[in-house]
Amino acid sequence: MGKKQYAVIGLGRFGSSVAKYLSQMGYEVLAVDDNAERVQNVANVVTHAVSADSTDEEAMRALGIRNFDVVIVAIGQDIQSSILTTLILKDLGVPNIIVKAQSDLHGKVLNKIGADKVVFPERDMGLRVAHQLISPNILEHIELSPEYSIVELQVPTAMLGKSLMQLEFRQKYNCNVLAVKKGGVMNITPRADEPLTAEDILVIVGKNDQLTKLEQAYAEA
Ligand code: ADP
């Protein structure tokens with residue numbers, strides 16, 4: 001099986017960043033924008049850069065857009081174009097369509113018309129930055145579902161020297177420690193009776209509200 005082929009439509013800050021990264025990682029990327037200058041900006045980085053209007057079905061057909069495994073629609077401001085483009089890609093039979101949404105409502109529409117994945121980069125980055133400010137010990141936050149997450153927690157001072165058994169995360173927060181990372185080494189069968197050190201990073205799965213409780217209970221003053 002050959003490497004996946006990607007097309008990115010809309011070469012603003014988000015789209016051009018996606019296109020450039022995929023290219024750097026060695027993937028074939030078709031970059032499309034109706035603004036020739038934007039196309040020019042990525043032309044020497046990606047495999048093909050084309051100036052076209054993605055709301056023009058014939059133009060999309062001519063580009064052979066349905067032969068791409070994944071198409072990323074990164075049109076932000078112009079919601080109508082984003083929706084029309086998604087519809088056209090769906091009609092043409094693109095197997096995997098990922099669309100950037102500007103708002104919750106925009107996202108809802110995209111889901112309804114068959115976008116395979118809707119992303120909210122500004123919202124998610126905002127949350128991430130705010131979260132990082134409030135809980136600097138949380139190194140990573142992976143959303144598993146709207147209710148459940150995995151977090152990576154740098155062991156806070158209040159946990160130092162205590163063992164997982166003593167901390168009783170299961171009983172108190174209904175959370176499970178999946179692994180303990182130390183110096184980049186992942187231990188997926190952590191001992192319950194070993195005292196935690198400041199270098200340890202706990203990988204914890206749980207319900208969001210319980211994880212928040214746990215974080216707050218051990219937040220540094
Ligand atoms: P960002 O917030 O990521 O910078 P923008 O909304 O500013 O995103 O950029 C969207 C890009 O999509 C712009 O470069 C714009 O020219 C392009 N674009 C908008 N509508 C169309 C369309 N119908 N066909 C092709 N490109 C489009």
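Start at 1 with the first residue, then count along the sequence. Indexing begins at 1, ligand by ligand and atom by atom, following the structure's order.
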- K100 and E122: CA distance, side-chain angles, deciding distance, salt bridge (Lys or Arg N to Asp or Glu O under 4.0 Å) verdict: CA-CA 10 Å; K100 161 180 143 145; E122 290 93 352; 3.1 Å; yes
- How close does the nearest protein non-hydrogen atom get to atom 2 (O) of ligand 1, and which residue and atom is it? R13 NH2, 2.7 Å
- Nearest-option assignment for atom 15 (C) of ligand 1, heavy atoms, candidates V32, D33, N35: D33
- Query: Quick check: does any side chain N or O of N111 sit under 3.5 Å from a backbone N or O of K108, one acting as donor and the other as acceptor?
  - Reply: no
- Query: With distance as the sole test, does T47 use its side chain to make a donor-acceptor pair with the main-chain N or O of V29 at under 3.5 Å?
  - Reply: yes
- Identify, by atom number and element, the atoms of ligand 1 in contact range of D34, meaning under 4.0 Å from any of its heavy atoms. 16 (O), 18 (N), 21 (C), 22 (C), 23 (N), 24 (N), 25 (C), 26 (N), 27 (C)
- Task: May I ask you to list the atoms of ligand 1 that are less than 4.0 angstrom from any heavy atom of A52?
- Result: 24 (N), 25 (C)
- Counting heavy atoms only, which part of R38 comes closer than 4.0 Å to ligand 1: side chain, backbone, both or neither? side chain
- Query: Can you list the ligand 1 atoms lying under 4.0 Å from a non-hydrogen atom of L11?
  - Reply: 11 (C), 14 (O)
- Query: With no hydrogens and no angle check, is any side-chain donor or acceptor of Q166 less than 3.5 Å from a backbone partner on S163?
  - Reply: yes
- Do M60 and L92 come within less than 4.5 Å of each other through their side chains, counting heavy atoms only? yes
- Heavy-atom check, side chain of M159 versus side chain of F169, under 4.5 Å: yes
- Query: Identify the closest protein heavy atom to atom 19 (C) of ligand 1: which residue and atom is it, and at what distance?
  - Reply: I75 CG2, 3.6 Å
- Quick one: does ligand 1 sit under 4.0 Å from the side chain of S81, the backbone, both or neither, non-hydrogen atoms only? side chain
- Have a look at K181 and tell me which of E199, E152, Q154 forms a side-chain hydrogen bond (donor to acceptor under 3.5 Å, both in side chains) with it. E152
- Query: Does the side chain of L202 come within less than 4.5 Å of L196's, by heavy atoms?
  - Reply: yes
- Does the side chain of S149 pick up a donor-acceptor pair with the side chain of N208 at under 3.5 Å? yes
- For Q171, look at atom CD and say whether over 12 heavy atoms of other residues, nucleotides or ligands are found less than 6.0 Å away. yes
- For S54 and ligand 1, does the shortest N/O to N/O distance drop below 3.5 Å? yes
- Item | Per-atom contacts of ligand 1 with T55, taking only distances under 4.0 Å to non-hydrogen atoms | 23 (N)
- Message: Check contact between K100 and ligand 1, using heavy atoms of the residue and a distance below 4.0 angstrom.
- Response: yes
- Should the proximity of D53 to ligand 1, defined as any heavy atom under 4.0 Å, be assigned to the side chain, the backbone, both, or neither? both
- N or O contact, A74 vs ligand 1, cut-off under 3.5 Å: no
- of all protein heavy atoms, closest to atom 12 (O) of ligand 1 is G10 CA, 3.3 Å
- Message: Suppose I only count heavy atoms of F14 and a 4.0 Å limit; which atoms of ligand 1 are within that range?
- Response: 3 (O)
- Query: For atom 5 (P) of ligand 1, what is the nearest protein heavy atom, given as residue, atom name and distance?
  - Reply: G76 N, 4.1 Å
